[in-house]
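These notes concern the structure reproduced below.
The first residue in the sequence is number 1, and the count goes up from there.
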Amino acid sequence: MQNGLPILGVDKLERDGMFAECGTVIPFHTHCHTYFEMLLYQPFLGHVTVNGQLVEISRPTVLLLTPSDFHSTHPLSGGAVYYKLCFTDELVAAHKAPSHPLTVTAPDALALLSPLFIRACADRGDRPYLAALIRAAVMTAE
C-alpha cells in the first residue's frame with residue numbers, strides 16, 4: 001500500500017513483462033499498477049473511474065492506463081466482457097510508452113483494435129506474437 005491505496009504489482013506479468021486475459025466485468029476498488037493496462041470493454045450499465053473521472057461504457061471502449069493512473073470498475077449489472085493486455089514500458093520502448101491515459105471509442109479505431117485484443121487473448125501462449133499484438137494495439141490507440 002502507498003498512501004493508503006493499493007498498488008498492484010507485477011504478479012500477473014510473466015517474466016517477459018506481458019499478460020493477456022479476458023473475463024467478466026466485476027466491481028473493483030480503486031487501485032493502480034506498476035505496469036500499463038489496456039482494456040477493451042464491451043458495453044455495460046455502469047462506469048469505470050480513471051483518476052477521478054467517470055467513463056461511461058455504453059459502447060465498446062478501449063482504455064489505455066499508465067502505471068500512475070488510479071482506476072476502478074463499477075458495473076450495475078453482470079455479464080459484460082472485457083479483454084485485458086498488461087505490459088511494461090520495456091515492451092513498447094520506454095521513450096514510446098504512453099504518458100497519460102487514453103480512451104478510444106471511435107468506430108474506425110475499434111474496428112482495428114478489437115481483433116488485436118481477441119487474438120492476443122486467444123494466442124497468449126505465443127509470446128513473440130503476443131508482444132507484436134500488444135505493440136500494434138498501443139500504436140493504434142495512440
State, with a plain yes or no, whether a side-chain heavy atom of P27 is found less than 4.5 Å away from one of P75. yes
Starting from V62, can I reach I118 by hopping between I/L/V/M/F/W/Y residues whose side chains sit under 4.5 Å apart? yes
Between C32 and P67, the two heavy atoms sitting closest are CB-O, 3.7 Å
Start with the C-alpha distance between T30 and T49, add both sets of side-chain angles, then the distance that settles side chain to side chain contact (heavy atoms under 4.5 Å, CB included), and finish with yes or no. CA-CA 8 Å; T30 302; T49 302; 5.9 Å; no
Just by distance, with hydrogens left out, do Q42 and Y83 show a side-chain donor and acceptor under 3.5 Å apart? no
At what distance, to the nearest 0.5 angstrom, does CG of L39 lie from OH of Y82? 8.0 Å
Within a 6.0 Å radius of atom CD on E56, are there more than 12 heavy atoms belonging to other residues, nucleotides or ligands? yes
Under a 4.5 Å side-chain heavy-atom rule over Ile, Leu, Val, Met, Phe, Trp and Tyr, are L110 and V81 clustered together? yes
Is any side-chain heavy atom of F36 less than 4.5 Å from a side-chain heavy atom of T88? no
Which heavy atom of P98 sits nearest a heavy atom of L64, and at what distance? CG-CD2, 3.4 Å
Quick check against the 3.5 Å criterion: does R124 have a side-chain atom that pairs as donor or acceptor with the backbone of A20? yes
Indicate whether any N or O donor in one side chain lies under 3.5 Å from an N or O acceptor in the other, for H71 and H33. yes
Can you find a heavy atom in the side chain of V55 that is under 4.5 Å from one in the side chain of H47? no
Would you say R127's side chain and M18's backbone share a donor-acceptor pair under 3.5 angstrom? yes
May I ask whether L45 and L63 are part of the same hydrophobic cluster, defined by side-chain heavy atoms of I, L, V, M, F, W, Y residues being less than 4.5 angstrom apart, directly or through others? no
Tightest non-hydrogen contact, residues V104 and A141, listed as CG2-O, 4.0 Å
Between L40 and L113, is there a side-chain heavy-atom distance shorter than 4.5 Å? no
So does T61 get a backbone contact from the side chain of T105, meaning a donor-acceptor N/O pair under 3.5 Å? no
Please report the interatomic distance NE2(H74) to CD1(I26), rounded to the nearest 0.5 Å. 12.5 Å
Nearest atoms (heavy-atom pairs only) where A131 meets L91: CB-CD1, 3.7 Å
Mind checking the OG1-OH spacing from T66 to Y35? Nearest 0.5 Å is all I need. 13.0 Å
Going by heavy atoms in the side chains, are D123 and L130 under 4.5 Å from each other? no
For F44 and L76, what are the C-alpha separation, side-chain angles and deciding distance, and is it a side chain to side chain contact (heavy atoms under 4.5 Å, CB included)? CA-CA 8 Å; F44 66 87; L76 300 176; over 6 Å; no
With rounding to the nearest 0.5 Å, note down the distance linking CD1 in I134 to CZ in F117. 9.0 Å
For a quick test of reading the model, state the closest non-hydrogen atom pair linking R119 to L133 and the distance between them. C-CD1, 3.9 Å
Are any non-hydrogen side-chain atoms of K84 and M38 less than 4.5 angstrom apart? no
Under a 4.5 Å cut-off applied to non-hydrogen side-chain atoms, are L85 and E37 in contact? no
Counting neighbours of CZ on R59 that are heavy atoms of other residues, nucleotides or ligands and sit closer than 6.0 Å, is the number greater than 12? no
Interatomic spacing from CG in D89 to OG in S99 - rounded to 0.5 Å: 12.0 Å
Measure the shortest side-chain to side-chain distance between D69 and P101 over non-hydrogen atoms and say whether it is less than 4.5 angstrom. yes
From C121 atom SG to F19 atom CZ, the distance as rounded to the nearest 0.5 Å: 8.5 Å
